[in-house]
Protein chains: 2
Amino acid sequence: MEAGRQRQGRLWSNLKEVCDLLHIPAAVSINSEELLFQHVQFKTGQRVHTIGQAFDTLYIVNSGFLKTVLIDEFGNEQVLSFPMKGDMLGVDGIHTRHYASEAVALSDCDLILLPFKKLTALGRVHMELENLMYGVMSRELVREQAMIGMLGALSAEARVARFLVSLADRFAAMGYSSKLFNLRMTRHEIGSYLGLTLETVSRTLSAFNEIGLITVDQRTIGIKDPEALKTLRRLPPSRSRTKAAGAKQKAELDAAGDDQVLATA
Amino acid sequence: MEAGRQRQGRLWSNLKEVCDLLHIPAAVSINSEELLFQHVQFKTGQRVHTIGQAFDTLYIVNSGFLKTVLIDEFGNEQVLSFPMKGDMLGVDGIHTRHYASEAVALSDCDLILLPFKKLTALGRVHMELENLMYGVMSRELVREQAMIGMLGALSAEARVARFLVSLADRFAAMGYSSKLFNLRMTRHEIGSYLGLTLETVSRTLSAFNEIGLITVDQRTIGIKDPEALKTLRRLPPSRSRTKAAGAKQKAELDAAGDDQVLATA
DNA sequence: CGCGTCGTTGATAAGGTTCAAGACGGGTGG
DNA sequence: CCACCCGTCTTGAACCTTATCAACGACGCG
């Protein structure tokens with residue numbers, strides 16, 4: 001329907017601002033005010049790019065909230081990430097020159113356009129740019145690795161707990177409160193992201209609420225006991241009794257607090 | 001114990017060979033025979049790099065089989081990938097300048113060293129290199145996205161089936177048989193990779209064997225019905241009834257073959 | 001030859017999904 | 001302005017996939 005952007009970008013950013021946004025030490029020898037990147041706005045529900053669409057530009061989130069999704073053979077969505085301020089979009093398009101995922105705005109957004117051609121051309125001149133890109137892509141890779149580890153090894157409760165902590169941290173990094181914030185996504189989307197059903201997500205949030213770890217009021221989440229959330233596990237759920245060093249004594253610890261749902265470091 | 005490599009690299013490769021190995025169109029204007037990369041050999045069980053170790057070089061697998069793992073707070077391993085010929089290792093170290101994962105040789109291996117410093121220095125001169133790196137990293141990112149989608153949405157049987165197909169494809173790409181090959185990893189490692197227990201992996205393989213999809217003899221796998229394996233799902237297990245377009249008619253298809261364990265395209 | 005690792009298979013239980021019903025909230029149209 | 005509706009969220013109950021626990025067989029190595 002769309003995927004067409006409403007271009008009238010009044011805003012532009014220079015490289016310094018882009019680096020700051022990405023939390024990458026700029027080391028910019030480029031004083032250029034002539035090196036500017038255009039902004040684009042997307043409204044809630046609009047798609048920034050779709051799967052298979054020809055790749056030509058990367059995006060950096062300046063404000064707003066999005067989701068990126070994969071669509072399976074039945075049209076079901078699998079949420080991959082919830083990008084927000086400072087995150088980069090579109091990197092998965094570099095390889096095949098077609099975006100591998102779809103990015104949808106969950107709120108009104110302001111994105112910075114980084115035309116890939118322009119970027120590589122600039123890299124020819126300024127090495128900082130190249131290293132910046134490597135850093136951002138590597139960071140994204142590490143994030144996805146952590147995600148795989150979480151999906152592969154953690155229980156539903158642990159996943160939801162870590163999701164909340166991670167959100168809190170990101171809000172904190174953006175200067176917002178990490179104690180009280182609004183979820184921009186539905187339970188369904190959270191569930192997809194965490195490999196759970198929306199019912200399980202809902203139930204788990206309710207459970208956390210009853211225990212006093214958080215408060216829940218629809219999309220409004222209050223974090224009451226961040227430490228407990230961080231270390232919550234229950235169910236070291238598989239590939240336990242590994243011979244890996246250090247596994248044993250921790251297992252005893254675990255057994256000690258067995259009837260507890262949570263543990264504090 | 002090790003993580004110290006047994007350097008006596010007799011072998012060296014030029015950029016052209018590296019590109020071929022990575023399946024990246026070289027477009028090499030660099031005729032250099034003076035631009036050589038050293039090889040290193042690792043024996044079964046040796047670690048190429050460990051978590052937290054200072055990052056300085058990337059590796060390309062020239063021959064042999066490895067695994068990369070994350071270690072959680074209890075010492076449990078979470079397998080992230082099974083790199084083989086043509087795959088790149090160490091990319092996750094770029095961001096923090098420390099490797100985020102551990103790479104272990106599952107067989108005797110021959111790896112090509114790409115000192116990162118050297119690489120970026122070369123990138124200053126030869127643009128092809130830069131684009132090569134972007135391509136490789138983007139490809140890896142896409143691979144991990146697919147992995148997340150799989151862990152988040154597929155049943156145990158579908159995961160094992162896709163794992164086998166993916167292995168078959170990779171063997172084929174390496175010039176080996178895609179119909180008969182040896183697993184280089186244990187059931188435990190497969191289970192960790194797929195987010196399952198080793199028992200479930202074993203049982204699923206046995207089930208596929210009985211149905212005639214594959215033959216199993218310990219580590220030796222024979223692929224009998226690749227198409228069935230590719231399309232096997234059973235249990236679109238969660239986030240089903242999505243309102244996403246196209247979901248409906250496919251759901252009917254699904255119901256039609258409901259008592260069937262497998263479906264052929 | 002025995003021990004340890006790896007793999008198979010069975011019985012049991014539990015975590016999480018599925019199905020179902022209802023509540024809440026926001027937007028729309030009468 | 002209220003009624004209505006639809007998407008979202010919550011909660012309950014039954015079911016099912018997969019983990020857990022356990023025992024045994026097979027292989028490889030010292």
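When reading the values below, keep in mind they use all heavy atoms of this one structure, side chains included, and skip hydrogens, waters and symmetry mates. Per chain, numbering begins at 1; letters A, B, ... match sequence-line order.
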>> Using the side chain to side chain donor-acceptor pair (under 3.5 Å) criterion, which residues pair with B:Thr68? Sequence neighbours excluded.
In response: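 Result, side chain to side chain donor-acceptor pair (under 3.5 Å) vs B:Thr68: B:Ser81.
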**Study point:** Where DNA chain D forms stems, i.e. three or more consecutive Watson-Crick or G-U pairs with both distances under 3.5 Å
**Key:**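 Stem list for DNA chain D: C:1-30 with D:1-30.
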Mind calculating the distance between [atom1] ([X]) and [atom2] ([N]) to the nearest angstrom?
| X | N | atom1 | atom2 | result |
| --- | --- | --- | --- | --- |
| B:Leu151 | C:dG16 | CG | P | 15 Å |
| A:Arg184 | D:dC9 | CZ | P | 14 Å |
| B:Asn182 | C:dG7 | CG | P | 12 Å |
| A:His188 | C:dG16 | NE2 | P | 18 Å |
| B:Leu196 | C:dG15 | CG | P | 18 Å |
| B:Asn76 | D:dT20 | CG | C1' | 15 Å |
| B:Ile190 | C:dC6 | CD1 | P | 12 Å |
| A:Leu194 | C:dT17 | CG | C1' | 15 Å |

With sugar-phosphate meaning primed atoms plus P, OP1 and OP2, does A:Arg219 contact a base, only sugar-phosphate, or nothing at under 4.0 Å between heavy atoms?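 Since only primed, P, OP1 and OP2 atoms lie under 4.0 Å of A:Arg219, the category is sugar-phosphate.
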Sub-3.5 Å pairs of nitrogen or oxygen atoms, protein against nucleotides 10-14 of chain D:
residue : atom : partner  : partner atom : Å
D:dT10  : OP1  : A:Arg187 : NH2          : 3.1
D:dT10  : OP2  : A:Arg187 : NE           : 2.8
D:dT10  : OP2  : A:Arg187 : NH2          : 3.3
D:dT10  : OP2  : A:Ser202 : OG           : 2.7
D:dT10  : O5'  : A:Ser202 : OG           : 3.2
D:dT11  : OP2  : A:Ser206 : OG           : 2.6
D:dG12  : N7   : A:Arg203 : NH1          : 2.8
D:dG12  : O6   : A:Arg203 : NH2          : 3.2
D:dA13  : N6   : A:Arg203 : NH2          : 3.4

Are A:Gln78 and A:Asp72 close enough, and set up right, to give a side chain to side chain donor-acceptor pair (under 3.5 Å), and what steps lead you there?
-> CA-CA 7 Å; A:Gln78 167 68 43; A:Asp72 74 10; over 6 Å; no
Worksheet item: Around A:Lys224, counting heavy atoms of other residues, nucleotides and ligands shown, do more than 12 lie under 6.0 Å from its NZ?
Response: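 No, the 6.0 Å shell around NZ holds no more than 12 heavy atoms from other groups.
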- [ ] Evaluate the side-chain proximity of B:Tyr99 to B:Asp92: yes if any heavy-atom separation is below 4.5 Å, no if none is.
- [x]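 B:Asp92 reaches B:Tyr99 side chain to side chain.
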Give me each pair satisfying side chain to side chain donor-acceptor pair (under 3.5 Å) with a member in residues 169-179 of chain A, each pair once, sequence neighbours excluded.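 Applying side chain to side chain donor-acceptor pair (under 3.5 Å) to every pair that reaches into residues 169-179 of chain A, excluding sequence neighbours, yields A:Asp87-A:Arg170.
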Roughly how far, to the nearest 0.5 Å, is CD1 of A:Ile221 from CG of A:Leu167?
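That separation rounds to 9.0 Å.
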Checklist line | Residues that B:Asn62 engages under side chain to side chain contact (heavy atoms under 4.5 Å, CB included), provided they are two or more places apart | finding: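 Checked B:Asn62 against side chain to side chain contact (heavy atoms under 4.5 Å, CB included); matches are B:Leu21, B:His39, B:Asp110, B:Ile112.
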Review point. Looking at A:Val160, A:Val79, A:Leu183, which hits side chain to side chain contact (heavy atoms under 4.5 Å, CB included) with A:Ile190?
Key: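 Running side chain to side chain contact (heavy atoms under 4.5 Å, CB included) over A:Val160, A:Val79, A:Leu183 with A:Ile190 returns exactly one hit, A:Leu183.
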Results of salt bridge (Lys or Arg N to Asp or Glu O under 4.0 Å) for A:Arg162 - residues two or more places apart only: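 A:Arg162 satisfies salt bridge (Lys or Arg N to Asp or Glu O under 4.0 Å) with B:Glu73 only.
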